Amino acid sequence: MNDSVPSSLSKPRCIALMNQKGGVGKTTTTINLAAAIAQAGYRTLVIDLDPQAHATLGLGIDGAEGRSIYDLIHDATDAVASAREVSPNLLAIASHTDLAATETELAAAEDRLERMKRVIAAFAGRVDYVLIDCPPSLGLLTLNALAAADEVLIPMQAHFLALQGVGKLLETVKLLASGPQAINPRLKVAGVVLCMHDAASTHTREVVADLDAFFEGGRASESPWTGAVVFRPAIRRNIKLAESPSFGKTIFDYAPLASGAEDYRALAEAFLAGRRPQTTPQGEVPLVVTRPSISNAEKTEAAQASTPA
Ligand SMILES: Nc1ncnc2c1ncn2[C@@H]1O[C@H](COP(=O)(O)OP(=O)(O)OP(=O)(O)O)[C@@H](O)[C@H]1O
Ligand SMILES: [Mg+2]
């Protein structure tokens, strides 16, 4: 790909996958949801914004070769040429361990929160979706992703303590989207993706009911999560999803018949509903809207206690 982009072309829809809690399924969801969206026919870009470079590994890219997101954060020139083709419709920008130094390197830069915006702007008219795999922290890298994103998608495991973390995360998104420190007023929370899900556990079911009730209760509010949902289906625990990164393959290339592939394909369907770009270079795309099914439970206090009124 070359970099000569007519600036009038439509910007890609940008989704930051974030949760400051570690090991919850962010990277697994980023690469497999992106692969499923690409298979549905949309040009999709994964940006690995985590110095751990797990998405880079999982997509089978050599992070040592070519320009990484570290380079592009410092200078977005050639951003498009730096994207590697993973499979049809699926591109990726690799991470690099140097990324860990970005926080310090950019501390004094006035435009330090604008860097990802510039990288993504370069893909106007080139891709339909950008999925950013964020590190498990709320530092400068994640803030850069949130400054550039249209939506936040929260992968989580349905455990009681995880609810507290999601509450804090929502609070952070609200601060970034409104108020004196707002850096991205258009930022919305798309919802939660349930990862490594065990539907047989009573505790899990209670936590999911709490989440459903919480989002349903926020429908009338002006918060960034007004339209948020707990996406269905949940992603079941599936060992093939854990094995596939070691082969540098998405679940669709590694084990296309596994439950992990089935779940991520269905998740992509649910996610795309209501979010399809209005136009693509190939032509027009229909627009559909979904709403979640909602249940109730008494433990909503846990979620509500940790989220802003
Ligand atoms: N549905 C699943 N079934 C089985 N294993 C899974 C599933 N989802 C993720 N895993 C495994 O769980 C571990 C953590 O997942 P992942 O790396 O996606 O989390 P993460 O939130 O990106 O972690 P980090 O915070 O370190 O970036 C990985 O070993 C991954 O392969
Ligand atoms: Mg990760």
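Just so you know, ligand 1 is whichever comes first in the structure, and atom 1 is the first atom listed for that ligand. No experiment lies behind these values; they were computed from the predicted model shown. Residues: numbered from 1 along the sequence shown.
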Handout entry: Per-atom contacts of ligand 1 with L241, taking only distances under 4.0 Å to non-hydrogen atoms
Key = 1 (N), 2 (C), 31 (O)
Exercise for the section: Could you tell me whether ligand 1 has any atom less than 4.0 Å away from a heavy atom of K240? Expected result: no
Exercise for the section: Decide whether Q157 and H197 meet the rule of one side-chain donor and one side-chain acceptor closer than 3.5 Å. Expected result: no
Problem - Ionic contact status for D150 with R186, cut-off 4.0 Å - result: yes
Practice task
Return the orientation label for the Y70 and H96 ring planes: parallel under 30°, perpendicular over 60°, tilted otherwise.
Solution key: tilted
Exercise for the section: Report yes or no: do I251 and I61 belong to one cluster of Ile/Leu/Val/Met/Phe/Trp/Tyr joined by side chain heavy-atom distances under 4.5 Å? Expected result: no
Fill in the blank from the handout: One finds that the ligand 1 atoms under 4.0 Å from a non-hydrogen atom of V24 are 19 (O), 20 (P), 21 (O)
Handout entry: Donor-acceptor side-chain pairing of D48 and T56 below 3.5 angstrom
Key = yes
Fill in the blank from the handout: atom 3 (N) of ligand 1: closest protein heavy atom, distance to 0.1 Å, is N238 N, 2.8 Å
Handout entry: D71 side-chain N/O to R67 backbone N/O, donor-acceptor pair under 3.5 Å
Key = no
Exercise for the section: Verify whether one side chain among T27 and D133 offers a donor that lies under 3.5 Å from an acceptor in the other. Expected result: yes
Practice task
Please work out which of T27, N19, L194 has its closest non-hydrogen atom nearest to atom 17 (O) of ligand 1.
Solution key: T27
Exercise for the section: Answer yes if the side chains of Y264 and T29 hold a donor-acceptor pair under 3.5 Å, and no otherwise. Expected result: yes
Exercise for the section: Provide the protein N, O or S atoms situated under 2.8 Å from the Mg ion (ligand 2); waters are not included. Expected result: T27 OG1
Practice task
Determine whether more than 12 heavy atoms belonging to other residues, nucleotides or ligands lie under 6.0 Å from atom NZ of K117.
Solution key: yes
Handout entry: Nearest protein heavy atom with distance in Å, relative to atom 31 (O) of ligand 1
Key = A242 CA, 3.2 Å
Exercise for the section: Please work out whether any backbone atom (N, CA, C, O) or any side-chain heavy atom from C-beta onward of D50 is under 4.0 Å from ligand 1, and answer side chain, backbone, both or neither. Expected result: side chain
Handout entry: atom 19 (O) of ligand 1 - nearest protein heavy atom and its distance
Key = G25 N, 3.0 Å
Exercise for the section: Salt-bridge test for E171 and K168: reply yes if a basic N is under 4.0 Å from a carboxylate O, no otherwise. Expected result: no
Practice task
Look at R232 together with D212 and state whether they make a salt bridge at an N to O cut-off of under 4.0 Å.
Solution key: yes
Exercise for the section: Tell me, with the steps shown, if R265 and E262 meet salt bridge (charged side-chain N to carboxylate O under 4.0 Å, His left out). Expected result: CA-CA 5 Å; R265 198 175 288 117; E262 191 185 322; over 6 Å; no
Handout entry: Heavy-atom gap R237 to ligand 1 smaller than 4.0 Å
Key = yes
Handout entry: Basic-acidic side-chain contact under 4.0 Å: D111, R118
Key = yes
Practice task
Compute the minimum heavy-atom distance from C195 to ligand 1 and say whether it is under 4.0 Å.
Solution key: no
Completion exercise
For G22, the ligand 1 atoms with a heavy-atom partner under 4.0 Å come out as 25 (O)
Practice task
Report yes or no: does K26 contribute a side-chain atom to a donor-acceptor pair with the main-chain N or O of N19 at less than 3.5 Å?
Solution key: yes
Fill in the blank from the handout: Nearest non-hydrogen protein atom to atom 30 (C) of ligand 1, with distance, is T28 OG1, 3.7 Å
Practice task
Give the residue, atom name and distance (to 0.1 Å) of the protein heavy atom nearest atom 1 (N) of ligand 1.
Solution key: R236 O, 3.0 Å
Problem - Cluster link L91 to L59, ILVMFWY, side chain under 4.5 Å - result: no
Completion exercise
Looking only at protein heavy atoms, what sits closest to atom 27 (O) of ligand 1 is Q52 NE2, 3.3 Å
Practice task
Specify the protein heavy atom at minimum distance from atom 2 (C) of ligand 1: its residue, its atom name, and the distance to 0.1 Å.
Solution key: M196 CG, 3.4 Å
Problem - Atoms of ligand 1 close to P136 [distance to a heavy atom under 4.0 angstrom, numbered from 1] - result: 25 (O)
Exercise for the section: Compute the minimum heavy-atom distance from G23 to ligand 1 and say whether it is under 4.0 Å. Expected result: yes
Completion exercise
heavy-atom search around atom 20 (P) of ligand 1 in the protein gives K26 N, 3.5 Å
Problem - Nearest protein heavy atom under 4.0 Å from atom 6 (C) of ligand 1, yes or no - result: yes
